[in-house]
Structures are given as structure tokens and as C-alpha cells.
Amino acid sequence: MVAMAEIHTAHTADLDAATLSAARALLYDVFDDMTDHDWEHALGGVHALVWEGAELIGHASVIQRRLLNGGRALRTGYVEGAGVRADRRGRGYGAAMMDALERVVRGAYELGALGATDAAATFYAARGWTLWRGPCSALTPAGVRRTEEEDGCIYVLPVEIPLDLASGLTCDWRDGDVW
Ligand SMILES: CC(C)(COP(=O)(O)OP(=O)(O)OC[C@H]1O[C@@H](n2cnc3c(N)ncnc32)[C@H](O)[C@@H]1OP(=O)(O)O)[C@@H](O)C(=O)NCCC(=O)NCCS
């Protein structure tokens with residue numbers, strides 16, 4: 001990390017409106033397909049923020065979800081909104097944010113999980129995140145529904161419990177993209 005950059009972690013409740021607004025704007029800049037649901041999904045947990053002075057150049061957060069597997073509802077730290085401003089990539093900021101969030105996952109959850117973009121899959125795999133190979137589903141208001149389009153995109157960070165990565169994995173319900 002270059003000398004000027006600082007990483008901060010804080011719960012959503014401890015971030016002021018200007019910081020939340022900067023994080024939202026950064027993610028809209030990073031992701032072409034960003035939606036307000038995606039932003040809402042990044043709230044309610046612990047954020048890792050990279051600042052260069054007053055400029056926010058990196059954001060990621062981990063929020064709690066329940067993922068169903070093998071008859072268990074696993075307390076899961078789900079990573080959302082991971083992005084570094086394009087002109088600041090490759091300087092270790094993404095790794096620093098994930099270091100901070102993986103500490104939270106290991107300390108507070110039974111499992112870490114995230115839906116990876118194609119471009120970032122190798123970034124997560126190099127950090128020890130493992131591709132979920134089994135069928136993915138969502139627990140919708142109408143019951144469990146397969147989410148075939150997400151198969152091959154979900155990565156997990158097992159913490160304590162043994163997992164069969166080829167078995168089914170079902171996420172809890174939310175508006176917008178469920179994974
Ligand atoms: C993915 C992302 C957050 C990584 O941030 P970053 O600050 O560029 O990453 P770092 O500089 O910390 O890189 C850490 C390591 O991962 C590697 N890496 C970074 N991005 C990578 C990528 N997309 N694919 C493969 N490896 C990658 C780096 O080469 C580096 O390897 P090294 O430790 O051997 O030198 C950033 O590229 C990004 O914002 N991408 C666009 C948004 C996105 O796809 N986010 C992921 C959503 S799931």
C-alpha cells in the first residue's frame with residue numbers, strides 16, 4: 001500500500017452520510033451494472049474503506065446472511081460491494097480490504113461467501129476462497145428456486161465446519177440479485 005492510503009473499518013451505523021454517499025458513488029463508478037438494490041445489500045455490516053486523504057478509493061463490506069446447506073442455516077459473512085477505483089488497482093488495496101473483512105468472517109461467522117465477477121474470481125481464489133461447485137438456489141417467498149445463472153460464481157471461505165462443496169447451497173431471500 002502506498003504511504004498516503006489508509007484503511008478504516010466501521011459498521012454502517014458508524015459511517016456518516018457523506019461517507020456512505022462516497023461509497024455508493026464509488027461503486028456506481030466501478031460497476032457498470034450497479035443498482036440501488038446492490039448498494040442496499042452492502043449495508044448493515046462492517047465496511048472496509050480505503051482513503052487517500054479525503055478521497056475514497058476502495059470499498060468492500062461484509063454483511064450477515066443465512067446460507068442453507070445440509071440441513072443447517074449457516075451464519076454467513078457475505079462480502080458485498082468490493083471495488084477499487086480503476087486508477088488505483090494493483091496497489092494492494094483490494095487485498096488490504098479483504099484482509100480486514102476475512103478477519104471479521106473468521107471471528108464472527110461459520111462461513112464466508114460472495115458472488116464473484118468473472119474478472120475477480122482469480123483474485124478471490126488466490127486468497128483461499130473456494131468455488132462452490134454444487135447447485136445454487138434461493139429461498140424465495142414461493143419456496144426454494146434454483147438460481148442456475150449463479151452456479152460457478154459463488155465462492156466460500158470455510159471457517160470451522162466441514163462442507164461438501166458439491167452439495168446444494170441455498171441463500172436467504174432479498175430484493176434485487178439474490179446472490
Ligand atoms: C478485484 C479488485 C477489488 C482487486 O483490487 P486491487 O486493489 O486491484 O487488488 P490488489 O492490488 O490488492 O491485488 C492483490 C493481488 O490480487 C491480484 N489481482 C488483483 N485483481 C485481480 C484480478 N481481477 N484477477 C486476478 N488477480 C487479481 C493482484 O495481481 C495481486 O496479486 P499479488 O499479490 O500476487 O501481487 C479490483 O480489481 C476491482 O475493483 N475490480 C473491479 C470490480 C470487481 O470486479 N470487484 C469484485 C466484485 S466480486
Side-chain angles (χ1 to χ4, degrees), residues 1-10 12 15 19-65 67 76-106 109 111-133 136 138 147-159 165 169 171-172 174-179:
M1 203 180 262
V2 295
M4 293 296 291
E6 287 181 10
I7 183 158
H8 292 162
T9 58
T12 307
L15 297 179
T19 299
L20 289 169
S21 175
R24 183 177 179 280
L26 174 70
L27 294 179
Y28 267 92
D29 185 44
V30 166
F31 295 103
D32 292 341
D33 58 352
M34 182 76 190
T35 68
D36 283 359
H37 286 309
D38 295 333
W39 170 239
E40 194 272 335
H41 295 165
L43 302 176
V46 175
H47 302 252
L49 302 158
V50 182
W51 294 95
E52 269 184 11
E55 276 192 273
L56 183 70
I57 55 161
H59 171 276
S61 59
V62 59
I63 53 103
Q64 180 172 321
R65 303 189 71 181
L67 297 191
T76 302
Y78 200 81
V79 174
E80 290 284 358
V84 171
R85 209 172 76 188
D87 63 349
R88 295 295 194 276
R89 291 178 195 157
R91 301 182 182 193
Y93 299 147
M97 294 192 303
M98 290 305 295
D99 283 346
L101 297 188
E102 288 161 8
R103 190 192 70 82
V104 173
V105 168
R106 291 194 171 95
Y109 297 106
L111 175 71
L114 57 83
T117 58
D118 291 346
T122 48
F123 168 73
Y124 295 116
R127 302 186 58 79
W129 291 72
T130 309
L131 178 66
W132 192 273
R133 300 192 308 275
C136 295
T147 53
E148 295 90 349
E149 65 284 1
E150 304 297 339
D151 290 355
C153 301
I154 307 305
Y155 282 73
V156 297
L157 189 67
V159 176
L165 298 173
L169 189 66
C171 66
D172 55 18
R174 63 188 189 183
D175 292 326
D177 287 344
V178 289
W179 281 103

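Hydrogens, waters and symmetry mates are skipped; everything else that's a heavy atom, side chains included, is used. All figures in this text were calculated on a predicted structure; none of them were measured in a lab. Every number for a ligand or one of its atoms is a count from 1 in the order of the listing.
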- Does Thr147 have any side-chain contact (heavy atoms from CB on, under 4.5 Å) partners at least two apart in sequence or in another chain, and if so, which? Cys136, Ala138, Glu149, Glu150, Val178, Trp179

- Sort out the contact shell of ligand 1: every protein residue with a heavy-atom distance below 4.0 Å, listed by chain and number. Val30, Phe31, Ala82, Gly83, Val84, Arg89, Gly90, Arg91, Gly92, Tyr93, Gly94, Ala95, Gly115, Ala116, Thr117, Ala119, Ala120, Thr122, Phe123, Tyr124

Compare every heavy atom of [Y] with every heavy atom of [X], then report the nearest pair and how far apart it is.
X	Y	result
Ile7	Ala48	CD1-CB, 4.4 Å
Ala60	Met97	N-SD, 3.8 Å
Thr35	Tyr28	C-OH, 3.1 Å

- Answer yes or no: are there more than 12 heavy-atom neighbours, outside Arg103 itself, under 6.0 Å from its atom CZ?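 Check fails, neighbour count at 12 or below.
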
- Message: Counting neighbours of CG on Asp87 that are heavy atoms of other residues, nucleotides or ligands and sit closer than 6.0 Å, is the number greater than 12?
- Response: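 More than 12 within 6.0 Å, yes.
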
